[in-house]
Amino acid sequence: MDKQPAYIIADIGTGNVRVAIATPAGEVLGVSREDIRYEKDPLYPDALQFDPGALWEQILRLAKQSLAAAPQAEIRAITATSQREGIVLLDAAGKSLTGLPNIDHRGREWEPIIADKSRVYQLTGRYPTSLFSALKLVGIRERKPDTWSQTASFLSISDWVEYQFSGIAKYEHSQASETLLFDVERNEWSKELCGIFGLAPSLLPALRASASILGEVTAEVAGELNITPSAIVVTGGGDTQLAIKSTRPAVDDMIIVSGTTTPIVKLTGGYTLDAEERTWTSRDIVPERFVFEANAGVTGLNYQRLKEIFYPNEGYDVIEKELAGNRHTFCMASLGSLLADEEVSLTRGGFIFPAPVSHLLTRGSFVWATMIDIACSIVKNYKILAEVAGHHPNYVWGCGGGLQSLTLRQLIANLTGKKVQMRKGFQQSSAVGGALICNEALGIDGRMDDTIETVDPQDEAHYASIYAEWEKTRDHFRNMN
């Protein structure tokens, strides 16, 4: 069997760990996944953590499984991406102490230490909350002195994975944007921000650009995976940024990244802020480019859970068929998605339909209402970004597994009045983005398939009325909170 050049791309999301083998052309030869395992930390009201050693074992195990599914692959490079606010703490010898995921909020009770939150927003491009890394570190410092006394540094999860592969510790710029310790416009760590949180600048690793080469894989890992020791380790970046890269967009493009959560982003050529402090601004993995973002929250997770309730034994194809046949739009939902203009997230949600219960109400009605809620939440956040930064192209890009639903793509097109464009391989956007990064590092033209699938808007007036009804439904549940 002829060997085929390929890359290993590790992707540590909020819900699962995936390791893919992809070619320079973006073809996925093998992919394996497992749920990531979190534990509660009883010292805080809302804290989760993970064992870095157990996560590394998962990554190696999944890499072996994916390599076994692609015996023709000759690994030339390795890279990683991950959930953006998660971190791993290291001691002075580089040993991993503990892992704190993006959904860890152990720092929430110390949010009041930030006297001037607007100043932090101006420097970091995001309103400061316990989601971000600095307050996770403060939570460790204030309540776990034994762990804190050993902590010499920390890395984003993707940077930590690359450290495990290469033995070289650094922090990539898009991931640094999520720490509240990084001046996003100046593209450097900030002593001022360190002072606000009482954290020593010595905690901060050297910065390294995405697509830069760290070095060769360690001999130990090469032997464990039975790959060539000359394979290089390439700096990756945040999962949203790698997904964005898979669409090959231009400045001023909008991209919807539909996964467990759904970031909606506009690529800008300058540092853009919202006067009302509703949005995030991050560094992109492409130099001199910024990601201006709102996020619709756990839209994909909501859909997955509703599928488990209503379609536990059927595939998504069955859902799509029933949705295509649905002609009744009287059932509406509000299920806790996020809107950038809401100061407080909804904690109550549900479905609203006429009483008494109609014989027309089916399981498809509830999933249709869920899909409407997801699409309207995406579109509301899109409108906020467009209001602040403008959006002139007649299309938006889409990528991520959630947009495998043609129904969702059509709804977004109808509600925005914009074409929804998808590149071939959009379902595996992190793997495609990782392959593009490895190509850059190696100076390879991967000649990816540039086929674009397009969904055109239809019946916009009708869907404008559905959007107005969704807003009423959301107001109803907001008033219950």
Side-chain angles (χ1 to χ4, degrees), residues 12 52 80-102 104 106-107 110-111 113-114 116 119-126 128-142 144-145 147-164 166-210 212 214-215 233 235-238 241 271 280-285 287 290-291:
I12 295 79
T81 185
S82 71
Q83 47 170 279
R84 291 176 291 165
E85 297 82 22
I87 55 175
V88 177
L89 277 56
L90 305 176
D91 69 12
K95 178 184 175 184
S96 305
L97 297 172
T98 189
L100 309 178
N102 54 359
D104 169 65
R106 70 187 59 234
W110 292 280
E111 288 179 0
I113 69 173
I114 308 168
D116 188 348
R119 175 59 178 163
V120 175
Y121 178 82
Q122 291 163 11
L123 291 172
T124 68
R126 62 243 318 114
T129 71
S130 59
L131 173 68
F132 303 106
S133 312
L135 280 162
K136 299 182 198 299
L137 293 170
V138 169
I140 294 287
R141 182 187 70 202
E142 296 299 317
K144 301 188 85 166
T147 301
W148 186 248
S149 67
Q150 297 177 68
T151 300
S153 186
F154 69 100
L155 297 171
S156 77
I157 297 175
S158 63
D159 288 307
W160 172 81
V161 172
E162 291 156 7
Y163 170 56
Q164 294 295 108
S166 68
I168 299 170
K170 49 74 200 150
Y171 224 111
E172 184 274 328
H173 300 87
S174 71
Q175 292 286 34
S177 299
E178 307 296 332
T179 62
L180 297 182
L181 302 171
F182 183 74
D183 187 321
V184 174
E185 183 175 22
R186 295 170 66 93
N187 205 27
E188 64 186 23
W189 295 119
S190 167
K191 289 184 179 179
E192 180 182 349
L193 289 165
C194 287
I196 288 171
F197 294 98
L199 298 169
S202 60
L203 287 166
L204 306 173
L207 293 163
R208 197 75 171 261
S210 180
S212 61
L214 291 175
V233 181
T235 304
Q241 280 83 353
Y271 187 59
W280 294 1
T281 307
S282 308
R283 280 278 166 174
D284 191 24
I285 53 178
F290 296 85
V291 174

Among Tyr163, Trp148, Trp160, Tyr171, which one satisfies ring pair (Phe, Tyr, Trp, His ring centres under 6.0 Å) with Phe154? Tyr171
Could you tell me if Glu172 and Ser158 have a donor-acceptor pair between their side chains, going purely by distance under 3.5 Å? no
Criterion side-chain contact (heavy atoms from CB on, under 4.5 Å) on Leu137 and Thr179, from CA distance to verdict: CA-CA 10 Å; Leu137 293 170; Thr179 62; over 6 Å; no
Heavy-atom pair of closest approach, residues Leu214 and Glu162: CD1-CB, 3.9 Å
Is any side-chain heavy atom of Phe182 closer than 4.5 Å to a side-chain heavy atom of Asn187? yes
With no hydrogens and no angle check, do the side chains of Thr281 and Glu185 hold a donor and an acceptor under 3.5 Å apart? no
Salt bridge check, Glu85 against Lys136: does any charged N sit closer than 4.0 Å to a carboxylate O? no
Distance from Ser149 atom OG to Ile140 atom CD1, nearest 0.5 Å? 11.5 Å
Sub-4.5 Å side-chain heavy-atom contact between Gln241 and Ser282: yes
Side chains of Arg84 and Ser177: does their closest heavy-atom pair fall under 4.5 Å? no
Nearest 0.5 angstrom please: Asp159 CG to Lys170 NZ, how far? 3.0 Å
Side-chain contact test, heavy atoms from C-beta onward, threshold under 4.5 Å: evaluate it for His173 versus Ser210 and give yes or no. no
Below 3.5 Å, can you tabulate the donor-acceptor pairs from side chains in residues 192-208 to any protein atom, sequence neighbours excluded?
from: Glu192; atom 1: OE1; to: Arg119; atom 2: NH2; distance (Å): 2.9
from: Glu192; atom 1: OE2; to: Arg119; atom 2: NE; distance (Å): 2.9
from: Arg208; atom 1: NH2; to: Ile213; atom 2: O; distance (Å): 2.9

Between atom CD of Gln175 and atom OG1 of Thr235, what is the distance when rounded to the nearest 0.5 Å? 11.5 Å
In this structure, CG of Asp284 is separated from CZ of Phe290 (nearest 0.5 Å) by 10.0 Å
Contact summary for Thr81 and Gly237, nearest pair of heavy atoms: OG1-O, 2.8 Å
What distance do Ile12 atom CD1 and Ser156 atom OG have between them, rounded to the nearest 0.5 Å? 9.5 Å
List the atom pairs, with distances to 0.1 Å, where a side-chain N or O of residues 86-94 and a protein N or O form a donor-acceptor pair under 3.5 Å, not counting sequence neighbours.
from: Asp91; atom 1: OD1; to: Ala93; atom 2: N; distance (Å): 3.0
from: Asp91; atom 1: OD1; to: Gly94; atom 2: N; distance (Å): 3.0
from: Asp91; atom 1: OD1; to: Lys95; atom 2: N; distance (Å): 2.8

Between Arg126 and Glu178, is the closest basic N to carboxylate O distance under 4.0 Å? yes
Which atom pair, heavy atoms only, marks the closest approach of Pro52 to Ser96? CB-CB, 3.7 Å
Only one of Tyr121, Trp110, Trp280 clears ring pair (Phe, Tyr, Trp, His ring centres under 6.0 Å) with Phe132; which? Trp280
Closest heavy-atom contact between Ala134 and Leu180? CB-CB, 3.9 Å
